[in-house]
There are 2 protein chains.
Amino acid sequence: MSCDNGTAKPTLTADQVLPVQYGELNDILGFHLRLANVALFQDYQATMGDLSLTPKQFAVLELILINPGTSQIGLAQSLRMDKATMMAIINKLEARNAIERRQSKIDRRRQELFVTEDGQKLVDTARQLRSEHEARFTTRFSADELKMLFGFLNRIYAGAKIPAYEEDEA
Amino acid sequence: MSCDNGTAKPTLTADQVLPVQYGELNDILGFHLRLANVALFQDYQATMGDLSLTPKQFAVLELILINPGTSQIGLAQSLRMDKATMMAIINKLEARNAIERRQSKIDRRRQELFVTEDGQKLVDTARQLRSEHEARFTTRFSADELKMLFGFLNRIYAGAKIPAYEEDEA
DNA sequence: TATTGTTATACTCTATAACTATA
DNA sequence: TATAGTTATAGAGTATAACAATA
């Protein structure tokens with residue numbers, strides 16, 4: 001109903017030796033997206049395991065690096081999560097001395113966030129490991145294909161609402 | 001390092017009015033994949049909310065429909081999750097009379113799984129709602145683009161290992 | 001011995017709600 | 001009144017380990 005894929009529908013490869021047929025699921029975007037996510041995450045963990053830095057913690061570190069002094073609220077919005085959830089991530093990163101909070105002098109409600117020297121070292125190591133992890137997947141694509149894939153994914157999440165920060169439905 | 005995207009790198013669109021720069025994250029496949037997943041999941045929940053059928057529960061129903069009599073182990077492998085996790089999903093679906101367990105007569109360790117009449121009705125309703133949800137995203141792509149996207153995602157998870165069922169590392 | 005299902009448990013992630021201090 | 005941060009808490013999802021029945 002949503003797309004024509006009568007003969008060319010992608011199915012799981014034989015080397016997975018899976019015991020079931022996928023049927024209707026082969027037409028579901030979210031199903032394939034999730035499998036891709038799981039595959040990526042499992043490889044991420046196998047590669048980064050020793051660092052014990054989750055993808056989200058890593059993303060937060062990168063965001064603070066490129067936006068020094070940003071707030072927890074800003075980060076939460078950017079990664080589509082609740083401020084209390086972000087709080088937990090920030091706490092963990094602070095506990096291992098990767099970032100620090102400094103109360104803003106302009107608006108004393110705000111905690112400005114910065115990456116410490118230790119945090120920078122952590123990021124450097126993590127980037128190195130991650131680039132190995134990334135390569136295991138990106139090498140499956142040509143440069144043009146990769147550009148297309150990123151564009152497609154962007155088209156999926158572009159314009160997404162952030163429920164916690166929408167105005168009330170009146 | 002992993003791919004060239006000097007000028008054409010996909011960035012977040014302006015209509016999201018996000019307060020931060022994404023920096024290095026723009027080059028990370030997993031980051032875009034996750035944002036796409038979040039966007040899709042939020043729309044899924046908004047659409048299917050009343051049915052209270054998670055994407056995984058839905059997937060399990062579809063899998064049992066296309067593989068009547070399949071086992072919990074088979075389902076767990078197919079969806080890359082632990083057998084104990086699958087157990088919880090099966091229990092929930094059985095509790096609302098969507099599926100039933102029948103002990104196999106050939107191998108009495110196995111519970112063969114079947115979708116009940118109630119379960120079929122649930123699937124019918126869910127499919128209807130989901131097709132509306134799907135359309136909100138698939139209409140952003142041409143038929144050819146969609147075929148490419150599915151193929152790309154398949155390329156990412158093809159050959160993924162299922163850790164729980166690999167042989168021991170000796 | 002190995003496998004299927006099961007149970008108990010614990011851990012992580014997440015959001016909600018209520019609170020504080022500021023604005 | 002509204003916002004940034006905080007805390008407590010509860011729910012969902014997940015995996016691990018141990019076990020029973022069966023192969």
Side-chain angles (χ1 to χ4, degrees), chain A residues 19-20 34 37-38 41-42 44-46 49 52-60 64 69-95 99-113 162-168, chain B residues 19-20 34 37-38 41-42 44-46 48-49 52-60 69-95 99-113 162-168:
Chain A
V20 301
R34 182 180 162 269
N37 231 358
V38 169
F41 181 67
Q42 289 180 344
Y44 176 94
Q45 283 212 307
S52 78
L53 191 70
T54 70
K56 273 162 209 161
Q57 290 172 353
F58 195 177
V60 166
I64 298 177
T70 189
S71 65
Q72 297 175 195
I73 286 273
L75 293 174
Q77 290 177 332
S78 308
L79 296 177
R80 274 98 176 148
M81 55 182 80
D82 188 83
K83 59 181 179 174
T85 309
M86 181 56 63
M87 182 83 186
I89 294 177
I90 297 295
N91 284 344
K92 279 210 170 166
L93 288 174
E94 192 189 38
I99 62 172
E100 59 181 13
R101 295 169 155 108
R102 299 184 207 152
Q103 191 180 51
S104 167
K105 283 162 186 165
I106 307 166
D107 180 344
R108 286 184 312 186
R109 290 172 305 181
R110 291 173 79 92
Q111 299 278 13
E112 297 176 348
L113 300 171
I162 308 176
Y165 300 95
E166 284 181 282
E167 52 282 36
D168 289 6
Chain B
V20 300
R34 181 181 162 267
N37 230 0
V38 169
F41 181 66
Q42 288 180 345
Y44 176 94
Q45 282 211 306
M48 311 274 290
S52 78
L53 191 70
T54 70
K56 273 163 210 162
Q57 291 172 351
F58 196 176
V60 166
T70 189
S71 66
Q72 296 176 195
I73 285 274
L75 292 175
Q77 289 177 331
S78 308
L79 296 177
R80 275 102 177 141
M81 55 181 81
D82 188 83
K83 59 182 178 173
T85 309
M86 180 56 63
M87 182 83 187
I89 295 177
I90 296 295
N91 283 345
K92 278 207 172 170
L93 289 174
E94 192 189 38
I99 62 172
E100 58 181 14
R101 294 171 156 106
R102 300 184 207 152
Q103 192 180 50
S104 167
K105 283 162 187 165
I106 307 166
D107 180 344
R108 285 184 313 184
R109 290 173 305 181
R110 292 173 81 90
Q111 298 279 12
E112 297 176 347
L113 301 170
I162 308 177
Y165 300 94
E166 283 182 280
E167 53 282 35
D168 288 9

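Quantities reported herein were computed from a predicted structural model and do not represent experimental measurements. Each chain gets a letter, A, B and so on, in the order the sequences are listed, and its residues count up from 1.
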Nearest-angstrom distance from the residue atom CD1 of A/I106 to P of D/dT3: 19 Å
Round to a whole Å and report the spacing from CD of B/Q57 to P of D/dG13. 7 Å
With a 4.0 Å limit, can you tell me whether A/Q103 has a side-chain N or O closer than that to the phosphate oxygens OP1/OP2 of C/dT22? no
May I have the distance from A/K83 (atom NZ) to D/dA8 (atom C1'), rounded to whole angstrom? 14 Å
Would B/L75 and B/I90 satisfy side-chain contact (heavy atoms from CB on, under 4.5 Å), going step by step from the backbone distance to the final call? CA-CA 10 Å; B/L75 292 175; B/I90 296 295; 3.9 Å; yes
Return the value, rounded to whole Å, for the distance between atom CD1 of B/I73 and atom C1' of C/dT3. 7 Å
Just how far, in rounded Å, is C1' of D/dG13 from CE of B/M87? 16 Å
Classify the side chain of A/R108 versus the base of C/dT22 as yes if they form a donor-acceptor pair under 3.5 Å and no if they do not. no
Are any of A/R110's side-chain N or O atoms less than 4.0 Å away from OP1 or OP2 of D/dG5? no
Any side-chain heavy atom of B/R101 within less than 4.5 Å of one from B/N91? yes
Tell me if a side-chain donor or acceptor on A/Q103 pairs with a main-chain N or O of A/R108 at a distance below 3.5 Å. yes
Mind checking A/T85 for me? I need base, sugar-phosphate or nothing, with any heavy atom below 4.0 Å counting as a touch. base
Without decimals, in angstroms, what is the distance between A/N91 CG and C/dC13 P? 13 Å
Compare the minimum distances between each of C/dT7, C/dA23, D/dT14 and the side chain of B/A84, then state the nucleotide with the smallest one. C/dT7
Atom CD1 of B/I89 and atom P of D/dG13: how far apart are they, to the nearest Å? 8 Å
Would you mind telling me which of C/dT16, C/dC13, C/dT3 lies closest to the side-chain atoms of B/R109? C/dT3
Most 5' of B/R34 and B/R101 on DNA chain C, judged by nearest nucleotide: B/R101
For B/I90, report the nucleic acid contact type (base, sugar-phosphate, nothing); a contact means any heavy atom under 4.0 Å. nothing
Using whole Å, what does the distance between atom P of nucleotide C/dT7 and atom CE of B/M86 come to? 16 Å
Tell me what B/T54 touches on the nucleic acid: a base, only sugar-phosphate, or nothing, going by heavy atoms under 4.0 Å. sugar-phosphate
Are A/Q111 and D/dT6 close enough that a side-chain N or O sits under 4.0 Å from OP1 or OP2? yes
Could you give me the CA-CA distance, side-chain angles and deciding distance for A/Q72 and A/K83, then say whether side-chain contact (heavy atoms from CB on, under 4.5 Å) is met? CA-CA 7 Å; A/Q72 297 175 195; A/K83 59 181 179 174; over 6 Å; no
Measure the spacing between OG1 of A/T54 and NZ of A/K92 and express it to the nearest 0.5 Å. 7.5 Å
